[in-house]
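One structure below.
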Amino acid sequence: MDSVQMGRKRKIENTDLPLGLYSRPLRGQTRYFYRNSRGKDAYFPVGFKLSDIKQSVIDFNKENRNSTVSLKHRVDNYNVRVYKVWPKIKQNLDEENEGKSKSTLETFERDSARFVAFFADYYTKEIKLEDINKYLDEYHADASFNVRNRKIHFLRTVFAEFTDLSYMERNYANDKKIKKKSKKAKSRTPIRISKYALMMMADKAEPFLKTAIMLSLQTCHAVNEIVNLKYSDCHYFSSPKLYCTETETYLEPSEDTPQEFLVHGMMWISREKNQHTTASRVEIPITNEMMITIEESAQDLGEAFVKGREPSCSYIVHRKKRYHKVNYSGDFNHPWQLKPSYLSKEFSKLRDSLQLYLGIEDRRERPGFHGVRSLAIYLHDKQAGDEEITMNRAAHSDLGMTQHYKEGHEKFKRVPPSTITL
């Protein structure tokens, strides 16, 4: 007769403890610990009541050591905990994301970290719509419609990988409703920053923020491009030139040419958002105003500006900080380099400190740094009188987007003087 191997018999002092709960003397006191089905021990903190420890183990065993539940999971090799298959899922998602912009990839990494933190111990085939709602409420309860919709699309993409590899039978994220803006919200023109408000801010801004504001105003570009602009992106003529619109070439200026017409060189900008289109790469003339901004930026480093020579910090928009670890990560090339989010926050902080737009109760609806780009597009278009030129400067792929940025700036229509007499 074959002998049946049994587990070791419990000690007398442990016979009243539920399955998995044990005690042992440790550093002069009795410590209770839970041993799971794989033999791994987890100690309960000192000071917990034994009655509470017993009850928590009993509840845990009902949920996790129930024979029918564990059998169900053992029978189905594709119904596993999320953390076990996540590396494989993540690898597939990373391959699909190849070539996407840096900011898109950073957002995806943050979403992935949240996803794993929440779903790690879930069994893949037991994730339902209510679990997805819990996740969204946990991390994005106060998010706008647009942000919440983007997070739903993220979940749809991730769970599509799970279903494709048979780890889920149904993608419940597809059942989640994508909310649309009401007609009233769609028709409402966003609140634009005024030229006068921006003048006030530039006057009071710290050097790094003033440089960013002036560059955005002159180039029509957004925060992601502005923070990444380098001195090496600027290519200078040996002497200032005059641009000829008819031939699209640069000519030698005459002695009486106004300073504002002079061009010192070219600034090359590659827009991150639509980097795979030809419109994303634009060559912007360095006018006198832009040249002053670049020179003042170098002077903020305590260095004299010299054409063709890169200063100690290669980024035109920089902030010399007392503590270099602030706002610094391994992704940065220099401790004075700035994050787009940091620049946006500092802009909003200055706006509020000057008591601008405080009448708008929701801070998210007040014009932020991106509003500088909108104002710049409006002003450049007004000056050039040619939407296509403005579209090219802003690196837009179509005129519709340029027209959207121009909306909402003219609150009052200007009319010529007129007198009526009776």
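Just so it is clear, the values below take in all heavy atoms, side chains as well, and ignore hydrogens, waters and symmetry mates.
For Glu130, there are no salt bridge (Lys or Arg N to Asp or Glu O under 4.0 Å) partners at least two apart in sequence or on another chain. In this view, Arg319 and Glu206 satisfy the salt bridge (Lys or Arg N to Asp or Glu O under 4.0 Å) rule, not counting sequence neighbours. Contacts of Lys349 classified as salt bridge (Lys or Arg N to Asp or Glu O under 4.0 Å), with partners at least two apart in sequence or in another chain: Glu346.
With a 4.5 Å cut-off on side-chain heavy atoms, Ser194 and Tyr357 count as touching. With a 4.5 Å cut-off on side-chain heavy atoms, Thr287 and Leu262 do not count as touching. Side-chain contact between Phe261 and Pro253 is absent, with no heavy-atom pair separated by less than 4.5 Å. Residues Gln218 and Thr293 form no side-chain contact, since every pair of their non-hydrogen atoms from C-beta on lies 4.5 Å or further apart. Counting heavy atoms from C-beta outward, Leu136 and Leu155 have side chains that approach closer than 4.5 Å. By the 4.5 Å heavy-atom criterion applied to side chains, Arg373 and His221 are counted as neighbours. Using a 4.5 Å cut-off on side-chain heavy atoms (C-beta onward), Lys151 and Tyr135 make no contact. Using a 4.5 Å cut-off on side-chain heavy atoms (C-beta onward), Ser56 and Phe44 make contact.
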**Message:** Quick one, Gln337 with His318, criterion side chain to side chain contact (heavy atoms under 4.5 Å, CB included). Give me CA distance, side-chain angles, the key distance, then yes/no.
**Reply:** CA-CA 5 Å; Gln337 184 182 355; His318 55 261; over 6 Å; no
**Request:** Kindly indicate, with the supporting measurements, whether the criterion side chain to side chain contact (heavy atoms under 4.5 Å, CB included) is fulfilled by Phe154 and Ser112.
**Result:** CA-CA 9 Å; Phe154 165 78; Ser112 296; 4.2 Å; yes
**Prompt:** Given the rule in the ring-ring contact (aromatic ring centres under 6.0 Å, His included) test, do Phe159 and Tyr172 qualify, once you have shown the distances and angles that lead to the verdict?
**Reply:** CA-CA 8 Å; Phe159 287 134; Tyr172 280 92; 9.0 Å; no
**Item:** side chain to side chain contact (heavy atoms under 4.5 Å, CB included) assessment of Ser239 paired with Glu252
**Value:** CA-CA 9 Å; Ser239 61; Glu252 291 295 331; 4.1 Å; yes
**Request:** Under the side chain to side chain contact (heavy atoms under 4.5 Å, CB included) rule, what do Tyr315 and Asn333 come out as? Steps first, then yes or no, please.
**Result:** CA-CA 9 Å; Tyr315 293 90; Asn333 299 317; 2.9 Å; yes
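Here the straight-line distance linking atom CD1 of Ile127 with atom NZ of Lys125 works out to 12.0 Å at 0.5 Å rounding. One distance of note links NE2 of His264 with CD of Glu289; it measures 10.0 Å at 0.5 Å rounding. Taken to the nearest 0.5 Å, the CD1 atom of Ile294 stands 8.5 Å off from the CG atom of Leu229. To the nearest 0.5 Å, atom CD1 of residue Ile178 and atom NZ of residue Lys176 are 9.0 Å apart. Between Ser348 atom OG and Arg366 atom CZ the span is 9.0 Å, to the nearest 0.5 Å. Note that the CZ atom of Phe119 and the OG1 atom of Thr124 stand 12.0 Å from one another [nearest 0.5 Å].
Note on ring orientation: taking the six-membered ring where Trp is involved, the planes of Tyr43 and Phe33 are tilted (angle from 30° to 60°). The aromatic rings of Tyr167 and Tyr78 are tilted relative to each other, their planes meeting at an angle between 30° and 60°.
A salt bridge does not link Arg150 to Asp111: none of the charged nitrogens lies less than 4.0 Å from a carboxylate oxygen. Asp137 and Arg148 are joined by a salt bridge, as a carboxylate oxygen and a charged side-chain nitrogen come within less than 4.0 angstrom of each other.
Of all heavy-atom pairs spanning Pro367 and Phe347, the tightest one is O-CE2, 3.9 Å. Of all the heavy atoms in Leu356 and Ala197, the pair that sits closest is CD1-O, 3.9 Å. Residues Ala212 and Leu343 share a closest heavy-atom pair of CB-CD2, 3.7 Å. Of all heavy-atom pairs spanning Phe237 and Lys241, the tightest one is CD1-CG, 3.3 Å. Taking every heavy atom of both residues into account, Met290 and Thr219 meet most closely at CE-CG2, 4.0 Å. Taking both residues in full, the closest heavy atoms of Glu109 and Asp94 are given as OE2-OD1, 4.0 Å, listed atom of the first, atom of the second, then distance.
At a cut-off of 3.5 Å, with distance as the only test, a side-chain donor of Ser254 or Asp256 sits close to an acceptor on the other residue. Checking Asn92 against Glu96 by side-chain atom types alone, no donor-acceptor pair falls below 3.5 Å. Checked by atom type, the side-chain pair Glu303/Ser312 shows a donor-acceptor distance below 3.5 Å.
Remark: aromatic rings of Phe48 and Tyr32 are distant, center separation not under 6.0 Å. Less than 6.0 angstrom separates the ring centroid of Trp86 from the ring centroid of Phe115.
Relative to the ring axis of Tyr22, Arg35 places its NZ or CZ within 45° and under 6.0 Å from the centre.
Side-chain atoms of Asn61 never come within 3.5 Å of backbone atoms of Pro18 as a donor-acceptor pair (strictly under, hydrogens ignored). Proximity of a side-chain donor or acceptor of Arg281 to a complementary backbone N or O of Ser270 within less than 3.5 Å is not detected. A donor-acceptor pair is defined here as one N or O able to donate and one able to accept, closer than 3.5 Å; no such pair exists between the side chain of Ser314 and the backbone of Lys230. Side-chain atoms of Thr157 come within 3.5 Å of backbone N or O of His153 as a donor-acceptor pair.
Within a 6.0 Å radius of CG in Asp52, more than 12 heavy atoms belonging to other residues, nucleotides or ligands are found.
Put simply, the residue from Ile213, Val227, Leu338 that forms a side-chain contact (heavy atoms from CB on, under 4.5 Å) with Phe208 is Leu338.
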